Amino acid sequence: MGFKLFNSHSRSLETFEPIKTPFVGIYICGPTVYGPPHLGHVRGPIVFDVMRRYLKHMGYKTRFVRNITDVGHLVNDADSGDDKLAKQAQLEQVEPMQIAQTYTEKYNWAMRKVNVLAPDIEPRASGHILEQIAMIKQLLDQGYAYEVDGDIYFEVSKYAKTHDYGKLSGRVLEDLMDGAGGEARALDGQDKKKNAVDFALWKKASAEHIMQWESPWGMGYPGWHIECSAMSAKYLGTYFDIHGGGMDLLFPHHEAEIAQSKAACGQDPAKYWVHHNMITINGQKMAKSLNNGITVEDLFTGKSHLLEQAYSPMTLRFFVLQAHYRGTLDFSNAALQASEKGLKRLLEAAELSQSLAPKPTNNYEVQKIEDAILASMNEDMNTPQVIAHLFEAARITNSANGGQIDLNQNNIDKLQYIFKTYAFEVLGILSEEKNDSNMLDGVIQMLLNMRKEAKANKDFALSDKIRDDLSALGLKIKDSREGTTWSK
RNA sequence: GGUCGGAUGGCCGAGUGGCUAGGCAAGGGUCUGCAACACCCUCUACAGCGGUUCGAAUCCGCUUCCGACCUCCA
């Protein structure tokens with residue numbers, strides 16, 4: 001039984017077969033680093049992290065590439081030339097690269113927190129201008145692109161004559177050309193293009209534009225779509241295994257990538273296109289305009305009007321994996337709290353499984369849990385089902401501990417293996433260290449209170465022991481008229 | 001307006017024709033010095049209306065509601 005994945009391109013479940021076993025190339029569209037990472041930024045990385053871990057578990061050798069978009073794409077097509085990064089930079093009076101650096105760092109901090117493995121290669125768009133220019137040249141040579149006043153556009157209508165533009169996202173070119181909605185948007189700059197559906201490969205930069213590079217067409221900067229095409233081709237080749245991203249990237253981004261790659265290299269860049277769904281809050285996508293965004297940092301600290309408490313990174317990861325990746329996932333405090341408690345139960349059972357005493361008799365075959373887990377993973381990465389099966393393992397562990405069922409050594413070993421392999425290695429759920437400094441303060445204060453009571457009872461042996469033991473741990477205890485204080 | 005997707009018990013969320021996913025919450029019980037934990041039991045839902053079928057949450061049609069994309073977006 002093979003690993004099945006839903007391929008957005010064919011809109012069907014396909015059995016995964018690498019192009020060249022045992023190697024698997026994966027490209028994920030990374031973030032545009034112009035703001036702090038929010039809840040939505042975290043879902044894709046977690047989903048594809050589990051995919052990567054599972055492929056590894058199956059024995060494949062993966063190369064995982066996730067880019068950083070630090071060039072910035074257009075604010076909109078009508079824009080006079082500011083890109084997203086530059087715009088933010090002007091507001092804050094700092095270099096665009098500083099913005100990119102800051103938020104790249106925050107993004108990767110969030111990734112580490114939720115235990116997403118670092119990519120094998122993390123290319124930056126700004127470091128691959130040459131590759132992008134080369135690809136644009138190719139497209140010009142092939143006749144699929146044209147220059148207008150320093151801008152280069154991809155000619156969609158020409159490409160569509162011989163290729164199926166719109167297949168991935170289910171668009172019909174004629175509909176797109178008619179313009180969306182009752183009234184076509186009047187975008188300035190739009191008149192430069194031969195057709196509104198054409199997209200920019202290169203944009204001319206005005207003199208005051210901060211981020212710009214030299215090109216055969218003058219000073220400018222690359223369009224958004226070309227960067228992923230250029231970087232994926234460089235590190236994974238012109239035909240690789242899996243291309244992933246959010247469903248919101250289906251159009252135009254991924255449609256454009258396919259068009260560029262087919263026009264320039266003659267083939268689809270990826271064998272499997274995998275898209276995850278969005279995180280919603282109260283049924284709606286997070287958006288700045290709705291003021292319903294929650295940053296990852298907010299979630300960990302609990303500082304947001306939308307949060308009733310702080311949630312741990314692993315709670316977030318577990319929450320994400322409790323839903324299937326292709327469905328929307330609705331955020332709420334109640335849902336996070338449910339995940340928090342469920343995760344705790346699972347982790348405690350996993351720990352308990354380490355100390356189960358074997359019985360001579362056995363009346364539960366643990367193997368069927370692993371079989372079920374594998375079947376669920378193979379069915380388009382059904383992580384919620386995998387978790388349900390892990391809860392069965394937890395129940396069995398607790399029952400064995402309570403004496404309700406008997407497990408022999410083999411089955412206990414298997415139970416431990418299941419937690420280690422599937423909960424920890426594949427799903428990437430870690431037990432979190434409870435080294436919260438607030439807790440430490442509380443514990444020390446508690447000991448000092450006990451010491452105070454001992455002194456009041458004239459139990460000086462106990463009070464001295466508490467002080468000496470704390471001192472041995474490197475904590476200084478000072479008694480004064482006002483009371484007792486401590487320091488490290 | 002176009003395209004696509006969705007509506008599952010108090011909440012989150014699996015499930016593409018028959019075998020009550022799972023977690024959380026709630027109620028009852030066992031255990032327990034008290035409590036917590038754990039275990040057992042209970043709550044058996046599929047937007048509405050028709051249709052197909054021996055049998056439908058699952059297939060078909062209609063209706064209502066919601067969302068996403070069509071412009072940057074994870």
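In this text, all values refer to a predicted model and were calculated from it rather than measured experimentally. Side chains are part of it too, since the values below use all heavy atoms of this structure and drop only hydrogens, waters and symmetry mates.
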**Asked** So, A:Glu227 and A:Thr69: side-chain donor and acceptor under 3.5 Å apart, yes or no?
**Response** yes

**Request:** Quote, to the nearest angstrom, the C1' distance that separates B:G27 from B:C43.
**Result:** 8 Å

**Request:** Describe the nucleic acid contact of A:Leu250 in one word from base, sugar-phosphate, nothing, applying a heavy-atom distance below 4.0 Å.
**Result:** nothing

**Request:** Could you list the residues that satisfy side chain to side chain donor-acceptor pair (under 3.5 Å) with A:Arg395, not counting sequence neighbours?
**Result:** A:Glu392

**Request:** On the 0 to 90° scale, with breaks at 30° and 60°, tag the A:Tyr27-A:His243 ring pair as parallel, tilted or perpendicular.
**Result:** tilted

**Asked** Taking atom P in both B:C60 and B:G18, what distance in whole Å separates the two?
**Response** 16 Å

**Message:** Ring-plane angle category for A:Phe154 and A:Phe199, please: parallel below 30°, perpendicular beyond 60°, tilted otherwise.
**Reply:** parallel

**Asked** Can you tell me how far C1' in B:C31 sits from the matching atom in B:C12, rounded to whole Å?
**Response** 31 Å

Between the protein and nucleotides 2-5 of chain B, which nitrogen or oxygen pairs are less than 3.5 angstrom apart?
from	atom 1	to	atom 2	distance (Å)
B:G2	O2'	A:Asp175	OD2	3.4
B:U3	O2'	A:Gly170	O	3.4

**Asked** Quick one: A:Phe199 CZ to B:C72 C1', roughly how many Å, whole number?
**Response** 16 Å

**Prompt:** Say you pick atom C1' in B:G23 and the same atom in B:C66; how far apart are they, in whole Å?
**Reply:** 25 Å

**Message:** Both A:Leu249 and A:His324 contact RNA chain B. Which one's nearest nucleotide lies toward the 5' end?
**Reply:** A:His324

**Asked** Of all residues at least two apart in sequence or in a different chain, which pass the side chain to side chain contact (heavy atoms under 4.5 Å, CB included) check with A:Glu365?
**Response** A:Asn362, A:Asn411

**Rounded distance in Å between the C1' positions of B:C11 and B:A68** = 23 Å

**Message:** Centroid separation under 6.0 Å, is that true for the rings of A:His324 and A:Phe6?
**Reply:** no

**Prompt:** Atom CE of A:Met377 and atom C1' of B:A14: how far apart are they, to the nearest Å?
**Reply:** 15 Å

**Euclidean distance, atom CG of residue A:Asn333 to atom C1' of B:G10 [Å, nearest integer]** = 16 Å

**Request:** Describe the nucleic acid contact of A:Asn401 in one word from base, sugar-phosphate, nothing, applying a heavy-atom distance below 4.0 Å.
**Result:** nothing

**Partners passing salt bridge (charged side-chain N to carboxylate O under 4.0 Å, His left out) against A:Arg52 (at least two apart in sequence or in another chain)** = A:Asp120

**A:Thr328 or A:His225, whichever maps to the more 5' nucleotide of RNA chain B** = A:Thr328

**Message:** Taking the minimum atom-to-atom distance to the side chain of A:Asp248, which one of B:A74, B:A14, B:A38 wins?
**Reply:** B:A74

**Asked** C1' atom, B:G9 versus B:C24: distance in rounded Å?
**Response** 13 Å

**Message:** OP1 or OP2 of B:G15 versus the side-chain N and O atoms of A:Asn382: is any pair under 4.0 Å?
**Reply:** yes

**Item:** For A:Ser232, all residues meeting side chain to side chain donor-acceptor pair (under 3.5 Å), sequence neighbours excluded
**Value:** none

**Message:** Can you confirm whether more than 12 heavy atoms, excluding those of A:Glu351, are under 6.0 Å from its CD atom?
**Reply:** no

**Asked** Residues in ring-ring contact (aromatic ring centres under 6.0 Å, His included) with A:Trp109, at least two apart?
**Response** A:Phe300

**Request:** Go through the structure and list residues passing side chain to side chain donor-acceptor pair (under 3.5 Å) with A:Glu122, not counting sequence neighbours.
**Result:** A:Asn108

**Complete:** A:Ile226 atom CD1 is separated from B:C72 atom C1', nearest whole Å, by 18 Å

**Prompt:** Across the strands shown, which category fits A:Leu352 at heavy-atom distances under 4.0 angstrom: base, sugar-phosphate, nothing?
**Reply:** nothing

**Message:** By the 4.0 Å heavy-atom rule, please label A:Gly40 as base, sugar-phosphate, or nothing.
**Reply:** base

**Prompt:** Of all of residues 252-259 of chain A, which get a heavy atom below 4.0 angstrom from RNA chain B, listed by number?
**Reply:** none

**Complete:** For RNA chain B, the expected dot-bracket line (Watson-Crick or G-U under 3.5 Å, [ ] crossing, | inter-strand) is (((((((..(((.....[...))).(((((.......)))))....(((((..]....))))))))))))....

**Item:** Distance, C1' atom - from B:C49 to B:A56, rounded to whole angstrom
**Value:** 15 Å

**Complete:** Sequence neighbours excluded, the answer for side chain to side chain donor-acceptor pair (under 3.5 Å) partners of A:Thr295 is A:Asp298

**Item:** Atom-pair distance (CG on A:Leu316; C1' on B:A74), nearest Å
**Value:** 13 Å

**Request:** Find the distance A:Arg43:CZ to B:A68:C1' and express it as a whole number of Å.
**Result:** 13 Å

**Message:** What I want to check is whether the side chains of A:Asn277 and A:Thr328 have a donor and an acceptor closer together than 3.5 Å.
**Reply:** no

**Whole-Å gap separating P (B:U16) and CZ (A:Arg326)** = 11 Å

**Fill in**
Quick tally for nucleotides 21-27 of chain B: nucleotides whose base has a protein heavy atom under 4.0 Å get B, sugar-phosphate-only ones S, the rest -, giving BSBSS--

**Prompt:** Are A:Tyr272 and A:Phe16 near enough that their ring centres are under 6.0 Å apart?
**Reply:** yes

**Prompt:** When you compare B:G6 with B:U16, how far apart are their P atoms, in angstrom units rounded to a whole number?
**Reply:** 12 Å

**Prompt:** Using 30° and 60° as the class limits, which term best fits the ring planes of A:Tyr153 and A:Tyr146: parallel, tilted or perpendicular?
**Reply:** tilted

**Protein-nucleotide distance (A:Met247, atom CE; B:A74, atom C1'), rounded to Å** = 12 Å

**Complete:** Sorted by chain and residue number, the ring-ring contact (aromatic ring centres under 6.0 Å, His included) partners of A:His253 (sequence neighbours excluded) come out as A:Trp224, A:His225

